[in-house]
Amino acid sequence: MGKLYLFALGGNEISPVITDPETGKMVNPDLPAQWRQAWKTCEILAQFIVDHPDNAYILTHGNGPQIGNILLRSEYAGEMIHKLPIDVCGADTQGALGYMLAQLSNSLRVRGKDLKTAEIITQVIVDHDDPAFQEPTKFIGPPMTKEEAEEHQKNQGYLCGFYKLNDQGQEVWRRVVPSPKPKEIIEIDIIESCLQSGNIPIAVGGGGIPVVAIEPQKAGELEQYPCSYDITYQKSLDAPPAKVYCGVEGVIDKDLSSSLLATSLRERAHRRGEELEVVFVILTDVDGVKLNYQQPNQEDVRSLNLEETRELQQSGIFPSGSMGPKVEAVINFLEAGGQQAFITNIQVLEQTFSGQAGTRFQSH
Ligand code: ADP
Ligand code: MG
């Protein structure tokens, strides 16, 4: 086998914030627009896959806009039908976005290549005492002005934060939820077997559904594992220890989970005596990392080694809800022994690999 390319598609990649030409308001694209955007992405990926047939491929995706929308629907319909917790909304987005990205198979088949994609509903273990639960940073849902955000905070009681400046220099605000750090991917062996079958897994969608390991409690001769919804698993004290997981409300950063996935697959291959080279490609709406971002003296950064990347990250120039976790994901990947990572825009994919666009990260 050649290399394994892991393409991490941003929520922005499928659902870029657009300005409505009639009202001048910032809006999320509707479903047909998201579908067409995903199709364009899949066409480019399919061509790349056909042009580089010796490699293996895996997709991951964000879900910020979509999970926020599902949550809003659930809240607005709350008088008629039960509300949905965030972990269940996350699982829903994995299904729907995996379905949307399965168009990649169409794009491959019209190019004469019969490969299937499989969205794997992925759970990712987080620490139940992760400080992120006290300090929400993950942006979800539709864009708002500062005034709208303040109104939502007051009326609906949910937290909002400043997300970024748009192309017109206007402030974009969004809802924020806790974003615990990913520790371990539960379905890693299923993802690996999908890869080994020659097909294309779509995994850790939206960062994966956050779950925590439940600590057993002694109850007489039994050990009990209390989970949500009054469900308790139990086993006898002398039976071997069991792993029991239960969903928690949060949205894991998809770049951090994608990095963990890339590293886990490399390490598992290594333990089997195989050397797997993983190329970690983060696709977003900017064509790479910039210095002095959105300032008159903005500069492209084409290439960084691990040391330089760490220095830039420590200087605090990358915001925690957008570019920060991407750079952190790259650092984690390189520190664990990954060879090459990229942050770029899919429109300039080939130019990125030849060094004319995007940002390339390497360990030295
Ligand atoms: P995604 O949905 O792809 O995860 P994010 O919004 O989380 O996208 O992150 C990409 C955004 O990071 C860009 O749209 C850009 O506005 C922002 N950003 C912040 N700082 C920088 C920087 N120094 N260079 C490039 N982009 C930056
Ligand atoms: Mg993001």
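Computed from a predicted structure; not experimentally measured. Numbering starts at 1 and runs along the sequence shown. Atoms within a ligand are numbered from 1 in the order they appear, just like the ligands themselves.
With respect to atom 5 (P) of ligand 1, the closest heavy atom belonging to the protein is Asn12 ND2, 3.6 Å. Of the protein's non-hydrogen atoms, Tyr293 OH, 2.8 Å is the one closest to atom 16 (O) of ligand 1. Of the protein's non-hydrogen atoms, the one nearest atom 26 (N) of ligand 1 is Met323 CE, 3.3 Å.
How far CG of Leu101 is from CD of Gln94: 12.0 Å, rounded to the nearest 0.5 Å.
Residue contacts with ligand 1, taken as heavy atom pairs separated by less than 4.0 Å, involve Tyr163 solely via side-chain atoms from C-beta onward. Within the 4.0 Å heavy-atom criterion, both parts of Thr284, backbone and side chain, lie near ligand 1. At a heavy-atom cutoff of 4.0 Å, ligand 1 is contacted by the side chain of Pro319 but not by its backbone. When non-hydrogen atoms are compared, ligand 1 lies under 4.0 Å from the backbone of Lys290 as well as from its side chain.
By the 6.0 Å and 45° rule, Arg174 does not stack over the aromatic ring of Phe139.
The backbone N or O of Lys181 lies less than 3.5 Å from a partner atom in the side chain of Asp130, making a donor-acceptor pair. Gln294 places a side-chain N or O within donor-acceptor distance of the main-chain N or O of Leu165, the cut-off being under 3.5 Å.
Shown here is Asp51, whose CG atom has more than 12 heavy atoms of other residues, nucleotides or ligands within 6.0 Å.
Using cut-offs of 30° and 60° for the angle between ring planes, the Phe48 and Phe353 rings count as tilted.
Ligand-side atoms of ligand 1 in range of Gly288: 25 (C), range being under 4.0 angstrom from any heavy atom. Atoms of ligand 1 found under 4.0 Å from any heavy atom of Phe318, numbered from 1 in the order shown, are 23 (N). The Gly11 neighbourhood of ligand 1 comprises atoms 2 (O), with distances under 4.0 Å to a heavy atom of that residue. Against a heavy-atom cut-off of under 4.0 Å, Asp285 is close to the following atoms of ligand 1: 10 (C), 13 (C), 14 (O). Using a 4.0 Å cut-off to heavy atoms of Lys254, the atoms of ligand 1 that qualify are 4 (O).
The closest side-chain donor-acceptor pair between Trp173 and Glu150, if any, does not fall under 3.5 angstrom.
A side chain to side chain contact (heavy atoms under 4.5 Å, CB included) with Tyr225 holds for exactly one of Glu215, Gln217, Lys235, Lys243; it is Lys235.
Residue contacts with ligand 1 include Lys326, since one or more of its heavy atoms lies under 4.0 Å from the ligand. At a 4.0 Å cut-off, not a single heavy atom of Pro65 sits close enough to ligand 1 to count as contact.
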Exercise for the section: Just do the side-chain hydrogen bond (donor to acceptor under 3.5 Å, both in side chains) check on Glu43 and Ser107 with the steps written out, would you? Expected result: CA-CA 6 Å; Glu43 284 281 297; Ser107 296; 2.9 Å; yes
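At a threshold of 4.0 Å, the pair Arg175-Glu75 counts as salt-bridged, since one of the basic side-chain nitrogens sits closer than that to a carboxylate oxygen.
Taking each of Gly324, Ser322, Gly64, Pro325 in turn, the one with a heavy atom nearest to atom 12 (O) of ligand 1 proves to be Ser322.
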